[in-house]
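First comes the structure, then the notes that go with it.
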Amino acid sequence: MGNRRKRKKQPNPIFAGVLFVTVVLIIAGVSIVVEKFKPSEEAADLYKYYGVAANSDEVAVYLNQEQSGVQAKYFEDELYVKLAFLQEIDQKFYWDVNEEILIYTTPTEVIKANEGEGAFMSTSKTEPGYVIVRNEEDCVYVNIKFAELYTNMSHTEYTGGDGPARVQIWTEKHDLTVADGKNNPVVRTGESIKADVVEELANGAKFTILSENGEWSYVLTENGHRGYIRTKEIGAKEIIADAGTYKTPNYTNITSDEKICMVWHQVTNQTANERLLSMMSGTKGINVISPTWFSLSDAKGNFTSLASETYVNDAHNVLGCQVWALIDDFARDSDGKSYVSQVLPYTSKRENLINQLMISARTYGFDGINVDFELITQAISQDYMQFLRELSAECRKAGIVLSIDNYVPMPYNKYYGRAEQGVLADYVIVMGYDEHMAGSETAGSVASLSFVENGITGTLEEVPAEKVINAVPFYTRIWTETSEQYAQDGDTIVEDAINGNYAIGSEAVPMGTALDKVSENGAEKIWLEDVGQYYAEYTSGNSTVRIWLEEEKSMEEKMKLVSEYELAGVAGWKLGLEDSSIWDVIGKYLK
C-alpha cells in the first residue's frame with residue numbers, strides 16, 4: 001500500500017462567523033462600558049448656564065444658597081442691583097415713580113436719593129462718590145454699596161475668568177465650610193460625570209461647600225463659579241465662622257404701663273370740643289381719648305383741623321387722659337376719587353401731610369396720632385406703607401404715640417401690611433365691628449363673637465399681642481324687612497324665592513335706644529350663645545324688625561377675649577353711644 005496524504009482540516013465557516021461577531025460584540029461592549037464611565041470633557045456654555053446674555057453688562061446673582069438669575073448690572077464699573085430684587089431682601093426700599101426718588105426709611109430717619117444723582121438727603125446731604133439710583137429702560141437699579149449701608153447685605157464680585165460676571169450676596173448669618181480639592185476635581189453643571197464642565201480645579205484648590213448630598217457636593221469656587229463635584233474629591237475641611245456685621249434696626253415703641261381704655265370722640269365742629277367734660281362725666285377707666293380732628297381735604301396733602309388746645313389741657317389736667325388725634329381719609333374730590341389715592345404716591349405730598357401733623361402736635365400738645373385711613377386700595381398699598389414708615393420715624397423722634405386703625409383681617413384687605421405695622425406702630429387697633437353695615441342685603445350682628453375673635457386671632461398672626469387693641473361697638477343696628485309691595489323708592493330689594501322679595505334697611509343707634517325699642521314693643525330677648533348677643537324681633541306696621549343687641553352681657557363676652565388673648569386694651573366707637581353699665585364690665589377685664 002502506498003502512503004496516504006493527510007487532508008488538511010478546513011475551518012468551519014459557521015464557527016468563524018460566530019467568533020468574529022463575538023469579538024466585535026466584546027469590543028463594542030467594552031467601548032460602551034468605557035464610554036459610560038468616561039467623564040465628559042465638554043465645557044459648559046457659561047453664559048447659558050448662568051442665564052446671562054453673551055458679552056453684556058448683566059451680572060448673575062446668587063442670594064445666599066440660591067441662584068436668583070440676572071438681577072444686577074454694571075454701569076461705569078459700579079455694580080447695581082435691580083430694585084425689585086432688593087425689595088425682596090428689604091421692603092423698606094421704596095421707589096417714588098412719580099417724582100423719581102429712592103427712599104429708605106430707618107426707625108428715625110428718611111434717606112432720599114434722586115434718580116441719576118450722587119447725593120442723598122438725610123440729616124445732612126451726603127456725597128457717596130457714586131450715582132445711587134438709575135432708571136434704565138423702566139428698570140430701577142440701586143448701587144449695591146448704598147444698599148449695604150442700611151441692610152444686612154454683604155457681597156463678593158467675580159469678574160475674572162470664563163463666563164459672565166457673577167456676584168454672591170449674603171443676607172443671612174452663615175458659617176462657611178471651606179475645603180481643599182484633591183485628584184484634580186472638576187466642577188460640573190449637574191450631579192453626573194456626564195454633566196458639562198464649569199471649571200477644572202487643581203489639587204489643593206480652595207472652594208466653599210454649600211451643600212452635600214451623598215456622592216455629590218454643591219460648591220462655590222474661588223473664581224465665583226458654582227457647580228457640583230464628587231464628594232470623594234473633597235479633601236481637608238475647615239469651618240470659618242461668619243464675620244458679617246448684621247444690623248437689626250431698633251424700632252423703639254411707646255408702651256403704656258396700664259392697659260389702654262380708649263374712646264373715639266366724634267368731633268364735627270369746634271362746639272363739639274366744648275362738650276368733652278360733660279360727655280366724659282358718666283364714664284369710668286378711660287385713659288385715652290381720640291378726637292376726630294383731622295381729615296384730608298385736597299390732593300396736596302392738606303387737611304382740615306378742629307384741634308383745640310383747651311381740649312388737650314382739659315383731657316390732661318381734668319380727666320388724666322392722653323389725647324391721640326385722629327386723621328381720616330374719607331374725603332373725595334368732585335369726581336369721587338379719594339384724596340388719599342392722590343396724596344400718598346407722591347413724596348412731596350406725604351411730606352406736606354406729615355409736617356403739618358407734627359406742627360399740630362407741637363402746637364396743641366396732644367400725645368399721639370391715630371391713623372384712620374379706610375380707603376386704601378391695593379394699588380396704593382405700598383405708598384400707604386411708606387407713609388406709615390415716614391410718619392413713624394417722625395413720631396418716634398418726637399415721642400408721640402402712633403396708632404393705626406385696621407379692618408378685621410380678610411383675604412381682600414391683607415395688603416394693609418399688618419406685620420410691618422406691628423413693627424412701626426406703638427399700637428395696632430382692630431375695628432371689630434361693621435360685620436353687617438349700612439347697605440347690607442342681609443340683616444345681622446354688628447359684631448358677633450366669632451367675628452370679633454377672628455379679627456383678634458387674625459391680627460395676632462402678624463402683630464404682637466402687647467400692641468393689639470380691640471375696638472368694640474357702642475352701637476347696634478335696627479334692621480327692618482318690608483314686603484316688596486310696601487317698599488319705598490330707593491329701598492334695597494332682596495330677592496327671596498321662598499318667602500317673597502322684601503326691602504331691607506337699617507339704622508345705627510346707641511345701645512340704650514335699641515334696648516328701649518325692644519322694651520317698648522314687648523319683644524322677647526333671646527340669648528344666642530354662638531353669637532354672644534341677645535336677639536329680638538317684632539312687627540311694626542308692614543315690617544319685621546330685627547335687632548342684635550349690644551349691652552352689658554355682650555360686652556363682657558368681647559372683653560373676655562381681650563383678657564384671654566392678653567391684648568394691650570380696648571377702644572370704643574364712639575363716646576356717647578354707650579350704656580353706662582358697660583364701664584364696670586370693661587374695667588373688670590382691664591385690671
(Q) Tell me if a side-chain donor or acceptor on Gln87 pairs with a main-chain N or O of Phe93 at a distance below 3.5 Å. (A) yes
Q) For Glu529 and Trp527, does a side-chain donor sit closer than 3.5 Å to a side-chain acceptor? A) yes
Q | Parallel, tilted or perpendicular: rings of Phe120 and Phe146 (30°, 60°) | A | perpendicular
Q) Does Asn454 use its side chain to pair, donor to acceptor, with the backbone of Ser450 at less than 3.5 Å? A) yes
Q: May I have the step-by-step check of side-chain contact (heavy atoms from CB on, under 4.5 Å) for Thr459 and Asn406, ending in yes or no?
A: CA-CA 9 Å; Thr459 302; Asn406 284 270; over 6 Å; no
Q. Are any of the side-chain nitrogens in Glu351 or Lys112 under 4.0 Å away from the carboxylate oxygens of its partner?
A. yes
Q: Indicate the atoms forming the closest heavy-atom contact of Tyr130 with Leu149, along with that distance.
A: OH-CD1, 4.1 Å
Q) Taking atom types as modelled and ignoring hydrogens, do the side chains of Asp383 and Tyr94 form a donor-acceptor contact shorter than 3.5 angstrom? A) yes
Q | Donor-acceptor contact present, side-chain Tyr415 to main-chain Ile376, <3.5 Å | A | yes
Q. Side chains of Trp264 and Asn370: is there a donor and an acceptor less than 3.5 Å apart?
A. yes
**Q.** Minimum-distance pair of heavy atoms, taken over all atoms of Lys467 and Asp426
**A.** CG-O, 3.5 Å
Q | Aromatic ring proximity Phe387/Phe373, centre distance under 6.0 Å | A | yes
(Q) Quick one, Thr105 with Gln386, criterion side chain to side chain donor-acceptor pair (under 3.5 Å). Give me CA distance, side-chain angles, the key distance, then yes/no. (A) CA-CA 8 Å; Thr105 310; Gln386 182 59 25; 2.9 Å; yes
Q. Judged by atom type as modelled, is there a donor-acceptor pair below 3.5 Å linking the side chain of Asn152 to the main-chain atoms of Thr171?
A. yes
Q: Check the pair Ser338 / Ser341 against side chain to side chain donor-acceptor pair (under 3.5 Å), numbers first and verdict last.
A: CA-CA 6 Å; Ser338 67; Ser341 66; 3.1 Å; yes
Q: Give a yes or no on whether the backbone of Ile260 and the side-chain of Asn287 come within a donor-acceptor separation of less than 3.5 Å.
A: no
**Q.** Within 6.0 angstrom of Lys517 NZ, more than 12 heavy atoms from elsewhere
**A.** no
Q: Kindly check if the number of other-residue, nucleotide or ligand heavy atoms within 6.0 Å of CD (Gln382) is above 12?
A: no
**Q.** Side-chain donor or acceptor of Ser519 paired with backbone N/O of Leu515 under 3.5 Å
**A.** no
Q: If the plane angle is over 60° it's perpendicular, under 30° parallel, otherwise tilted; pick one for Tyr416 and Tyr407.
A: perpendicular
Q) More than 12 foreign heavy atoms under 6.0 Å from CD of Glu520: is that the case here? A) yes
Q) For the side chain of Lys284 and the backbone of Asp584, is there at least one donor-acceptor N/O pair under 3.5 Å apart? A) no
Q: Can you label the angle between the Trp583 ring and the Phe474 ring as parallel, tilted or perpendicular, going by 30° and 60°?
A: perpendicular
Q) Of all heavy-atom pairs between Met385 and Gly417, which one has the smallest distance, and what is that distance? A) CE-O, 3.4 Å
Q. Between Tyr535 and Trp548, what is the ring plane arrangement, given parallel below 30°, perpendicular above 60°, and tilted in between?
A. tilted
(Q) Using a 3.5 Å distance criterion without hydrogens, assess whether the side chain of Gln356 forms a donor-acceptor pair with backbone atoms of Ile354. (A) no
(Q) Is there a salt bridge (charged side-chain N to carboxylate O under 4.0 Å, His left out) between Glu148 and Lys145? Walk through the geometry before answering. (A) CA-CA 5 Å; Glu148 288 180 334; Lys145 294 176 185 176; over 6 Å; no
Q.
Within the 3.5 Å criterion, strictly below it, is a donor on Asp90 or Thr151 matched to an acceptor on the partner's side chain?
A. no
Q | Worked check of side chain to side chain donor-acceptor pair (under 3.5 Å) between Asp328 and Ser295 | A | CA-CA 5 Å; Asp328 70 55; Ser295 184; 2.7 Å; yes
**Q.** Leu296 versus Tyr339, closest heavy-atom pair with distance
**A.** O-CD1, 4.0 Å
**Q.** Residues Lys300 and Asp298 bridged, charged N to O under 4.0 Å
**A.** no
Q | Tyr538 backbone acceptor or donor facing Asn521 side chain under 3.5 Å | A | no
Q: Would you mind telling me which of Glu564, Lys560, Glu556, Lys558 makes a side-chain hydrogen bond (donor to acceptor under 3.5 Å, both in side chains) with Tyr589?
A: Glu556
Q) Counting distance only, does the side-chain N/O of Gln322 pair as donor-acceptor with the main-chain N or O of Val288 below 3.5 Å? A) no
Q: Determine, for Arg418 against Glu461, whether the closest basic-nitrogen to carboxylate-oxygen distance falls under 4.0 angstrom.
A: no
Q. Taking atom types as modelled and ignoring hydrogens, do the side chains of Arg350 and Thr347 form a donor-acceptor contact shorter than 3.5 angstrom?
A. yes
Q: I would like to know whether Ser297 and Asn302 meet side chain to side chain donor-acceptor pair (under 3.5 Å); could you show each step before the answer?
A: CA-CA 6 Å; Ser297 58; Asn302 297 311; 5.9 Å; no
(Q) Checking side-chain polar atoms at under 3.5 Å, does Thr255 have a donor or acceptor matched by the opposite partner on Glu466? (A) no
Q: Kindly give the heavy-atom pair with the smallest separation between Val408 and Gly432, and that separation in Å.
A: CG2-CA, 4.0 Å
